Colleague: 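Next up is a structure, given as structure tokens.
On a predicted model such as this, the values are computed, not experimentally measured, just so you know.
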Amino acid sequence: MKLDLLLIIVAVGISLPGSEAGVTEEQMWSAGKLMRDVCLPKYPKVTVEVADGIRNGQIPNNKDSNCYINCVLEMMQAIKKGKFQVESSLKQLDVLLPDSYKPEYRQGINNCKDATVGLKNAPNCDPAHALLSCLKSNIKVFVFP
């Protein structure tokens with residue numbers, strides 16, 4: 001129930017009038033913090049320091065970190081059952097990112113459209129790691145909650 005309420009708050013907050021033109025960096029980080037606050041408790045082996053490292057582009061490759069990344073990417077509607085949701089990601093970037101980030105993220109999403117192909121999600125959330133690593137390699141101003 002608490003998760004459902006949080007998702008509703010995030011959805012309403014990012015779909016307010018004017019959000020079609022993008023959000024501010026402050027709004028982007030606030031939405032990211034909400035997603036992070038939902039996913040971190042699910043993976044207690046992922047410390048705040050590890051999550052901060054992921055946010056800064058240091059992406060460890062282990063089950064707990066990968067599944068934390070998967071959780072956030074699922075909340076962002078970027079991945080579902082280990083499959084990269086390219087169209088959904090392109091739509092979400094219009095809602096979740098400031099205008100200045102959008103061209104580079106569109107390019108990165110298109111460059112990474114095949115990043116999860118052939119990877120199995122269980123048991124280690126490998127597609128999430130592959131996708132985030134690809135995006136980090138293709139986007140200069142890398143942002144992740």
Side-chain angles (χ1 to χ4, degrees), residues 2-15 19 21-145:
K2 187 176 181 181
L3 173 61
D4 293 338
L5 180 59
L6 181 60
L7 292 175
I8 291 168
I9 291 168
V10 170
V12 169
I14 61 180
S15 63
S19 65
V23 297
T24 65
E25 281 200 37
E26 183 180 333
Q27 290 169 321
M28 173 186 71
W29 289 114
S30 292
K33 183 177 180 333
L34 289 172
M35 290 181 240
R36 181 178 172 148
D37 289 348
V38 169
C39 293
L40 263 179
K42 293 179 182 183
Y43 303 98
K45 291 183 182 177
V46 178
T47 64
V48 171
E49 292 78 21
V50 169
D52 287 346
I54 294 168
R55 182 180 63 210
N56 294 322
Q58 301 161 347
I59 307 169
N61 189 2
N62 61 62
K63 179 180 179 176
D64 293 305
S65 296
N66 292 353
C67 291
Y68 163 74
I69 293 166
N70 187 74
C71 177
V72 174
L73 290 174
E74 281 186 350
M75 290 188 74
M76 295 169 69
Q77 299 178 6
I79 203 166
K80 184 175 182 180
K81 296 182 182 177
K83 305 287 184 227
F84 185 22
Q85 306 297 303
V86 176
E87 292 304 315
S88 177
S89 295
L90 289 169
K91 289 177 186 173
Q92 288 295 356
L93 79 84
D94 282 329
V95 175
L96 293 173
L97 294 176
D99 290 339
S100 62
Y101 289 68
K102 292 177 184 180
E104 192 171 348
Y105 269 76
R106 274 191 195 90
Q107 176 87 30
I109 288 169
N110 286 315
N111 289 348
C112 295
K113 67 179 189 268
D114 296 325
T116 63
V117 172
L119 298 176
K120 294 189 186 318
N121 200 38
N124 297 317
C125 304
D126 291 332
H129 180 270
L131 177 57
L132 194 61
S133 295
C134 182
L135 292 171
K136 180 193 174 288
S137 296
N138 281 277
I139 299 170
K140 290 178 191 165
V141 183
F142 177 74
V143 176
F144 189 77

Colleague: Evaluate the criterion side-chain contact (heavy atoms from CB on, under 4.5 Å) for residue pair S65 and I59; output intermediate values, then yes/no.
Modeller: CA-CA 8 Å; S65 296; I59 307 169; over 6 Å; no
Colleague: Decide yes or no for I54 and Y68: does some side-chain heavy atom of the first lie under 4.5 Å from some side-chain heavy atom of the second?
Modeller: yes
Colleague: Check whether any side-chain heavy atom of V23 lies under 4.5 Å from a side-chain heavy atom of D99, and answer yes or no.
Modeller: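 Not touching, per the 4.5 Å side-chain cut-off.
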Colleague: Taking all non-hydrogen atoms of both residues into account, name the closest pair between P41 and P44 and its distance.
Modeller: O-CD, 3.8 Å
Colleague: Among pairs that include at least one residue of residues 51-68, which meet salt bridge (charged side-chain N to carboxylate O under 4.0 Å, His left out), considering only residues two or more places apart or in two chains?
Modeller: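 Sorted result for residues 51-68: R36-D52, D52-R55.
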Colleague: Could I get the full list of salt bridge (Lys or Arg N to Asp or Glu O under 4.0 Å) partners for D114, not counting sequence neighbours?
Modeller: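 Here no residue qualifies.
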Colleague: Using the side-chain hydrogen bond (donor to acceptor under 3.5 Å, both in side chains) criterion, which residues pair with N61? Sequence neighbours excluded.
Modeller: N66
Colleague: Can you list the steps and then say if V143 with M28 is a side-chain contact (heavy atoms from CB on, under 4.5 Å)?
Modeller: CA-CA 9 Å; V143 176; M28 173 186 71; 3.8 Å; yes
Colleague: Pairs under 3.5 angstrom only: tabulate donor-acceptor contacts from the side chains of residues 73-81 to other protein residues two or more places apart or in another chain.
Modeller:
unit_1	atom_1	unit_2	atom_2	d
E74	OE2	N70	ND2	3.3
Q77	OE1	Q92	NE2	2.6

Colleague: With the side chain counted from C-beta on, respond yes when L135 and Y105 share a heavy-atom pair under 4.5 Å apart, and no when they do not.
Modeller: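 Counting from C-beta outward, L135 and Y105 never come under 4.5 Å.
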Colleague: Could you walk me through whether N56 and F142 pass side-chain contact (heavy atoms from CB on, under 4.5 Å), step by step?
Modeller: CA-CA 8 Å; N56 294 322; F142 177 74; over 6 Å; no
Colleague: I'd like to check the side-chain hydrogen bond (donor to acceptor under 3.5 Å, both in side chains) partners of Y101; sequence neighbours left out, ordered by chain and number.
Modeller: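 Listed in chain order: E25.
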Colleague: Would you indicate whether the side-chain heavy atoms of I69 and F144 approach each other to under 4.5 Å?
Modeller: yes
Colleague: I'd like to check L34 versus W29 (side-chain heavy atoms, cut-off strictly below 4.5 Å). Are they in contact?
Modeller: no
Colleague: Looking at residues at least two apart in the chain, or sitting in another chain, which of them share a side-chain contact (heavy atoms from CB on, under 4.5 Å) with A115?
Modeller: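 A115 satisfies side-chain contact (heavy atoms from CB on, under 4.5 Å) with C112, L131, C134 only.
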Colleague: Going by the rule side-chain hydrogen bond (donor to acceptor under 3.5 Å, both in side chains), which residues pair with Q58 if we only count those two or more places apart in sequence or in a different chain?
Modeller: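 Partners of Q58 under the side-chain hydrogen bond (donor to acceptor under 3.5 Å, both in side chains) test: none.
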Colleague: With sequence neighbours left out, write down each residue that passes side-chain hydrogen bond (donor to acceptor under 3.5 Å, both in side chains) with K33, or none if nothing qualifies.
Modeller: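 Only D37 meet the side-chain hydrogen bond (donor to acceptor under 3.5 Å, both in side chains) criterion with K33.
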Colleague: Do the side chains of L90 and R106 get nearer than 4.5 Å, heavy atoms only?
Modeller: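 Side-chain contact under 4.5 Å: yes.
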Colleague: Whether the side chain of K102 engages the backbone of L93 through a donor-acceptor N/O pair (distance < 3.5 Å, no angle test) should be reported.
Modeller: no
Colleague: Sorted by first residue and then second, give each disulfide (SG to SG under 2.5 Å) pair with at least one member in residues 41-91; sequence neighbours left out.
Modeller: C39-C71, C67-C125
Colleague: Tell me every residue that passes salt bridge (Lys or Arg N to Asp or Glu O under 4.0 Å) with K83, counting only those two or more places apart in sequence or in another chain.
Modeller: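 Partners of K83 by the salt bridge (Lys or Arg N to Asp or Glu O under 4.0 Å) criterion come out as none, since no residue qualifies.
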Colleague: Which heavy atom of L40 sits nearest a heavy atom of V46, and at what distance?
Modeller: CD2-O, 3.3 Å
Colleague: Which residues pass the side-chain contact (heavy atoms from CB on, under 4.5 Å) test with T24, not counting sequence neighbours?
Modeller: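 With neighbours one apart ignored, the set is E26, Q27.
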Colleague: Do any pairs count as a side chain to side chain donor-acceptor pair (under 3.5 Å) and have a residue in residues 116-141, sequence neighbours left out, and if so which ones?
Modeller: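 Pairs touching residues 116-141 that pass the test: N111-N138.
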Colleague: Roughly how far apart are I109 CD1 and E87 CD, rounded to 0.5 Å?
Modeller: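 Interatomic distance, I109 CD1 to E87 CD, rounded to 0.5 Å: 10.0 Å.
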